[in-house]
There are 2 protein chains.
Amino acid sequence: MAVLGALSVAPMTGYAVREAIRDVLGHFWSESFGQIYPTLAALEERELVRRADRAAPYELTARGEVRLRELLAEPAQRVPPRNGLMLRLFFGRQLGPDACRQLLLDAKAEAEEQLARLAAVRAVVAAEDGPDTPYALITLSAGEHTARAALAWAEESLAALLGSSESDAALSRADRPGAAQSGEES
Amino acid sequence: MAVLGALSVAPMTGYAVREAIRDVLGHFWSESFGQIYPTLAALEERELVRRADRAAPYELTARGEVRLRELLAEPAQRVPPRNGLMLRLFFGRQLGPDACRQLLLDAKAEAEEQLARLAAVRAVVAAEDGPDTPYALITLSAGEHTARAALAWAEESLAALLGSSESDAALSRADRPGAAQSGEES
DNA sequence: CCGGGCATGTAACGCGTTACATGATTCG
DNA sequence: CGAATCATGTAACGCGTTACATGCCCGG
């Protein structure tokens, strides 16, 4: 779907498809390098893409356009979530408050970098003003909302982690003198 | 890491590990069913988990605890993004504004459901108040921030999509009378 | 003329999912 | 006693990533 979509914008070589996916769709999609050419070969065999002659860029056929619209209309299957950062924070007691704070600082920095990248992309996209621009802005906005949410979350969580533990060990020890049971038996 | 982490909370059967991952870590982690038992077998062979006897629940060994902390301390490798919704919206012109609006409505509804689910989880977690509670709240908060961001984005994008096109075809046609070039050649 | 980017592949390997298979226990 | 749930596995298959391999072309 991504390859057909890239070729729907303009004919291009496989190499350019890869760069387009990385540079344009990069903030929400990725294709591994060794995936592009087998995909293009399969698409060519099914006559969804064509090369005018050998060494010409790939271009979409009429059937390819139809197929792209079919694929886009299919419901997006949700991918099972796998967030390593959250897993580490959830078991943060094993890791210690210091390491958790570092994870949150890293996440915050990454969100800020992402916002900067997206701002740069936005400047480029906003200057184009083609028929695809509104849609590009929608996906861009999603990235920005997500990054801002991550930023706010990281700051809020850093504050929470500092506030509830003055020393590093406070979270590891029981801070309720009268309570000896730890939640281990639930 | 997820399996060791689950067992670090309490000894349990493989079946219970699966349910714990689904129910407790579900909003940021998942393990396929057929993954649990091979993993437990491998962990048992490496003496990171043990069963008191056959048909007893698995429990973490001392080495298993050490290994868990090692794994948690490893840097989280980022997964290449693959967001099917964004891909569809990016090529939204092929799909048509109506279908895009439906995608956004679905995304909005899903974000609202997610917020409701997380609110229910929050009620349970907040009532516990164990040593792991602050960390559980951090991951929970991340889910809430993300869901609220998705909700706001969907509403904002729906408004943008309605505002810029009074009829369904407006986005497909050129709305700038004097401009014939389309961005296809970039 | 030589190094780096353009361009096109391939092959191995691993991981994870899906589906299948089986028995025990519990509850109505 | 039958159905549903608990519980433990296995095997096939596919997908995708990583790494490797090769040649062209252009600019310094």
Side-chain angles (χ1 to χ4, degrees), chain A residues 1-7 9-26 28-46 48-60 71 74-84 87 186, chain B residues 1-7 10-26 28-46 48-59 71 74-84 87 186:
Chain A
M1 199 190 317
V3 171
L4 288 177
L7 291 178
V9 175
M12 63 184 84
T13 68
Y15 197 84
V17 168
R18 179 241 189 173
E19 292 197 315
I21 291 177
R22 170 164 51 74
D23 297 339
V24 183
L25 312 182
F28 60 81
W29 200 264
S30 65
E31 289 297 336
S32 85
F33 196 51
Q35 193 84 351
I36 302 286
Y37 293 107
T39 299
L40 280 169
L43 291 174
E44 192 173 18
E45 184 156 8
R46 295 178 58 187
L48 303 175
V49 306
R50 132 176 49 91
R51 277 189 284 196
D53 60 90
R54 183 200 59 83
Y58 289 93
E59 60 183 346
L60 223 53
L71 288 171
E74 283 180 8
Q77 59 198 4
R78 58 181 65 267
V79 290
R82 287 253 163 120
N83 191 325
L87 195 58
S186 68
Chain B
M1 200 192 314
V3 169
L4 288 176
L7 292 177
M12 63 184 86
T13 67
Y15 197 83
V17 168
R18 178 241 191 174
E19 291 196 314
I21 291 177
R22 171 164 51 73
D23 297 339
V24 183
L25 313 182
F28 60 81
W29 199 263
S30 66
E31 288 298 336
S32 85
F33 195 51
Q35 195 84 350
I36 303 286
Y37 292 107
T39 299
L40 280 168
L43 291 174
E44 192 174 16
E45 183 155 9
R46 296 177 60 186
L48 303 176
V49 306
R50 127 175 53 89
R51 277 189 286 196
D53 59 271
R54 181 202 58 83
Y58 289 93
E59 60 182 348
L71 287 171
E74 283 179 7
Q77 60 198 5
R78 59 180 66 266
V79 289
R82 287 255 163 120
N83 190 325
L87 195 58
S186 68

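Labels below follow one simple rule: chain letters A, B, ... track the order of the sequence lines, proteins then strands, and each chain is numbered from 1. This is a predicted model, so every value here is computed, not measured.
The side-chain hydrogen bond (donor to acceptor under 3.5 Å, both in side chains) check on B:Glu44 picks up nothing, with sequence neighbours excluded. Checked against salt bridge (charged side-chain N to carboxylate O under 4.0 Å, His left out), A:Arg18 has no partners two or more places apart in sequence or in another chain. Under the side chain to side chain contact (heavy atoms under 4.5 Å, CB included) criterion, B:Ala42 pairs with no residue, sequence neighbours left out. Partners of B:Ala20 under the side chain to side chain contact (heavy atoms under 4.5 Å, CB included) rule, at least two apart in sequence or in another chain, are B:Met12. Not a single side chain to side chain contact (heavy atoms under 4.5 Å, CB included) links A:Ala41 to another residue, sequence neighbours left out. Listed by chain and number, the residues in a salt bridge (charged side-chain N to carboxylate O under 4.0 Å, His left out) with A:Arg22 are A:Glu19 (sequence neighbours excluded).
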List, one per line, each side-chain donor-acceptor pair under 3.5 Å for residues 74-84 of chain B, sequence neighbours excluded.
{"unit_1": "B:Arg78", "atom_1": "NH1", "unit_2": "A:Glu110", "atom_2": "OE2", "d": "3.0"}
{"unit_1": "B:Arg78", "atom_1": "NH2", "unit_2": "A:Glu110", "atom_2": "OE1", "d": "3.3"}
{"unit_1": "B:Arg78", "atom_1": "NH2", "unit_2": "A:Glu110", "atom_2": "OE2", "d": "3.4"}
{"unit_1": "B:Arg82", "atom_1": "NE", "unit_2": "A:Ser30", "atom_2": "O", "d": "2.8"}
{"unit_1": "B:Arg82", "atom_1": "NH2", "unit_2": "A:Ser30", "atom_2": "O", "d": "2.9"}
{"unit_1": "B:Arg82", "atom_1": "NH2", "unit_2": "A:Glu31", "atom_2": "OE1", "d": "3.3"}
{"unit_1": "B:Asn83", "atom_1": "OD1", "unit_2": "B:Leu85", "atom_2": "N", "d": "3.1"}
{"unit_1": "B:Asn83", "atom_1": "OD1", "unit_2": "B:Met86", "atom_2": "N", "d": "3.2"}

Provide a list of protein-nucleic acid N or O atom pairs under 3.5 angstrom, restricted to nucleotides 25-27 of chain C.
none

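Between B:Glu59 and B:Arg51, none of the side-chain N atoms (NZ, or NE/NH1/NH2) sits under 4.0 Å from a carboxylate O, so this pair counts as no salt bridge.
For the pair A:Arg18 CZ and C:dA7 P, the interatomic distance rounds to 11 Å; values are reported in whole Å. For B:Met12 and D:dC6, the CE to P distance is 15 Å, given to the nearest whole Å. A straight line from OH of B:Tyr37 to P of D:dA11 spans 16 Å, rounded to a whole angstrom. Remark: P of C:dG9 and CG of A:Leu43 are 13 Å apart, rounded to the nearest angstrom. What separates CD1 of B:Ile36 from P of C:dC15 is a distance of 16 Å, to the nearest Å.
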- [ ] Could you encode protein contacts along nucleotides 17-25 of chain D as a string, one character per nucleotide from 5' to 3', using B for base contact, S for sugar-phosphate-only contact and - for no contact, with a heavy-atom cut-off of under 4.0 Å?
- [x] BB-------
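For A:Tyr15, counting side-chain heavy atoms from C-beta on, the closest listed nucleotide (C:dG9, D:dT8, C:dG5) is C:dG5.
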